[in-house]
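Here's the structure, in structure tokens; my notes come after.
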There are 2 protein chains.
Amino acid sequence: MSIPRIAKLAKVSLGTVDRALHNRGRISEETRNKILRIAEELGYQTNPRARALAIGKRQFRIGICIPREMHQYFDSIHDGIENELKNFSEFRVALVNSSPRQTRDSRYEHVAYLLQQDIQALIVCPGDAQELSELIASAKGAGIPVIFISSDAPASQRTSVVWVDPGLIGRIAGELMARFLGQRGRTAVVTGDLTNLSHRKRAESFARRFKEIANNRQRCEIVEGHDDYEETFEKVSSLLRQQPTLRGIYVATANCIPVCKAIHAQGKANKVHVIATHLFPEMVPYFENQTIWATIYHRPNWLGQYALRLALRSVLEKKPLRSSYLVQPQIILASNMHLVRERAKASRRARFDDTVTALGADPVDEDDVA
Amino acid sequence: MSIPRIAKLAKVSLGTVDRALHNRGRISEETRNKILRIAEELGYQTNPRARALAIGKRQFRIGICIPREMHQYFDSIHDGIENELKNFSEFRVALVNSSPRQTRDSRYEHVAYLLQQDIQALIVCPGDAQELSELIASAKGAGIPVIFISSDAPASQRTSVVWVDPGLIGRIAGELMARFLGQRGRTAVVTGDLTNLSHRKRAESFARRFKEIANNRQRCEIVEGHDDYEETFEKVSSLLRQQPTLRGIYVATANCIPVCKAIHAQGKANKVHVIATHLFPEMVPYFENQTIWATIYHRPNWLGQYALRLALRSVLEKKPLRSSYLVQPQIILASNMHLVRERAKASRRARFDDTVTALGADPVDEDDVA
DNA sequence: TTGTATGCGTTATCAC
DNA sequence: GTGATAACGCATACAA
């Protein structure tokens, strides 16, 4: 089941088989079909290691566009990308980085820039669903796979998306909250911005699942904090004053610190509890004093790692990509908190800023295990 | 940083570098040292893909000894092994299987048999800590790596163990139970056999963590079911009669069905809830009727997959193995139950029975993602 | 339109 | 002890 073997069976040369298999033209329909038929029958699969070896000297360039805000989250994605890079140290891969400052800033100019940099694949955390569609269509035309991380824009022509199902996240949080609270007390959601599809989905799924289990007919208040510290603190503080029976808050975004602070400021420290999102060092004290009871960890590190793996597989091994890769979220309690990398690690973002990270260093474990 | 480059720098031939790097003898100390020094300076790492290509025609044989009882659990391990096998389809790997019928049966004769089969690595689910030590020492002497799955025997000379920290499992279950029950009601543990180190560890950790959080001073009853259906059903039934304030049961072994049945038989259906271990089809109804509130999933599939990956890495890439690989358990609720493979899949054990599974079929995604 | 030659980095088999 | 040389499977530049 190798090219030489096919060549022998078809009584042609290696080059001919190669042309048939890879649609390179300069081949007659007849021989092409004969060869393809034989390859089919033999169940030919190209040997990725041999291919890797053969094309190993080329430079590959991968474009990266991931906003810089919310360090705890996006830095993890970047770390994941770097991690995976080490698994490809035999190749000459360069990451070309161009990222907007704020989460809500336009990615247009950045992606446009990246597409001019002779990249072979593009990894983006998209913001607005619409703005990139034109650029992505042109990338597709140029044969450049575009991989979305963390959120999707279904209308776009992106090749693949690597993310966590937001409905699933909401349902898990809702079920957990219902079990934690039993029948007593009501709950609320703090989210970023309901115009964001993922945020809305999480909030809705949470509320639905909570009511389903807790048999609770009360309205579940939804607070938009816009990932702003002050705004969130104020809104949650007033919510706590208005709703004395509030017992649980699901913070569907990374911005849970002002929520915890508000709870303590209102003297509700052991009365109101939080289910949060992600995990980073500032949260640890609130885990320890039992303000946070659980957090839903989206594994940003793994999102990044997998996105780069897909990009490089597509480029190096010509592997066709599926349109969607769903990553499983993890439920984190105080007992397994120590297993999350972001709990302790300092930000390394500096290394990434607007640089071309050339590579080729020490190979490393992929360490899903830990 | 390749062998030819080192050869040029050292002004020797490829063969000489090879002999220096791999301690093949037939080389003078002097040139050996010179070459090793240069390789060190250049940070030489052998290119695994090239190596793979070069040794691709050899046969490799991996011995497997995993008991057949408890299909839901051990079959998953086997499935994981087969999964990983597909990622190495370019090689000629054969799995040599010899497994005891019962979990508690001796593995001695099986392992002894496997060691005579010209295997290059051995994967075992050990039972008794002692019985294999002599065989394992001799395997070590013969340069055959021995990888334990799922439980450890610290005194033995095994190369590596791939497992889930039993203390961690117990603490997670304990914390979850404490959160679920709040301050009300007491709890109990159903386990297999307290002479088994992992089982004891899980039970103890559970009890300690539960008390810590729930501020509960009551004794936490521990029931040994010996993974026997009848015995477990009887013991749990009588426990439920004796302890009317019992609210939660942690089943630390896969044997949770008789526990659920006993709860229903005693008319405690919505009063007593279960945190279980693993997930398989028979459990689904009890998840749906809210008898089971959560389960701790040890990811047996991944245990198997990773064990084979380590074995093949050790053999094919000469990669040194760490002594312990800790896999993270997952907390499963009704909301994310559908993500667990074992929930639905039928047993495929037949394929494995006492056969030499020769291979080389279709390569496949590794799909941690799903 | 087809065939041949060369190289990727490693291992293995010779001959010297 | 050491150095050529071929082979693994694939890609590619060049020759026919």
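Labels below follow one simple rule: chain letters A, B, ... track the order of the sequence lines, proteins then strands, and each chain is numbered from 1.
Where the helix from C/dT1-D/dA16 to C/dC16-D/dG1 starts and where it ends, the local axes point in directions that differ by 50°; five pairs per end, rounded to 10°.
Residues of residues 19-38 of chain A having a heavy atom closer than 4.0 Å to DNA chain C, listed by number: A/R19, A/R26, A/I27, A/S28, A/T31. Contacts with DNA chain D (heavy atom under 4.0 Å) in residues 47-60 of chain A: A/N47, A/A50, A/R51, A/A54, A/I55, A/R58, listed by number.
Legend: residues meeting salt bridge (Lys or Arg N to Asp or Glu O under 4.0 Å) with B/E41, ordered by chain and number and at least two apart, are B/R37. For B/E134, the side chain to side chain donor-acceptor pair (under 3.5 Å) partners are B/Y108, not counting sequence neighbours. Looking at residues two or more places apart in sequence or on another chain, you find no side chain to side chain donor-acceptor pair (under 3.5 Å) involving B/E109. With sequence neighbours left out, the salt bridge (Lys or Arg N to Asp or Glu O under 4.0 Å) criterion links B/R19 to no other residue. In terms of the salt bridge (Lys or Arg N to Asp or Glu O under 4.0 Å) criterion, residue partners of B/R32 (sequence neighbours excluded) are, by chain and number, B/E29. Residues passing the salt bridge (Lys or Arg N to Asp or Glu O under 4.0 Å) test with A/R26: none are found, sequence neighbours excluded.
Cation-pi contact between A/R49 and B/F88: present, with separation from the ring centre below 6.0 Å and deviation from the ring axis of at most 45°.
Here the side chains of A/V93 and A/L308 are not in contact, with every heavy-atom distance at 4.5 Å or above. Taking 4.5 Å as the limit, every side-chain heavy atom of B/V124 sits out of range of all side-chain heavy atoms of B/H110.
Chain A approaches DNA chain D within less than 4.0 angstrom (heavy atoms of the protein), and the contacting nucleotides run 5' to 3' from D/dG9 to D/dC14. Along DNA chain C, the stretch of nucleotides lying under 4.0 Å from any heavy atom of chain A spans, 5' to 3', C/dT1 to C/dG9.
Taken from CD1 in A/I123 to CD1 in A/I64, the straight-line distance is 4.5 Å, to the nearest 0.5 Å. B/T46 contributes atom OG1, which lies 7.0 Å from atom CD1 of B/I3 (distance to the nearest 0.5 angstrom).
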(Q) Applying side-chain contact (heavy atoms from CB on, under 4.5 Å) to B/F148 and B/V162, what does each step give before you reach the verdict? (A) CA-CA 6 Å; B/F148 280 8; B/V162 183; over 6 Å; no

Q.
For B/R107 and B/L132: C-alpha separation, side-chain torsions, deciding distance, then whether side-chain contact (heavy atoms from CB on, under 4.5 Å) applies.
A. CA-CA 7 Å; B/R107 281 109 170 106; B/L132 294 179; 4.0 Å; yes

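Both B/K11 and A/R5 lie close to DNA chain D; mapped to their nearest nucleotides by heavy-atom distance, the more 5′-ward contact belongs to B/K11.
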Side-chain polar contacts of residues 53-60 of chain B - donor-acceptor pairs under 3.5 angstrom, sequence neighbours left out - could you list them?
none

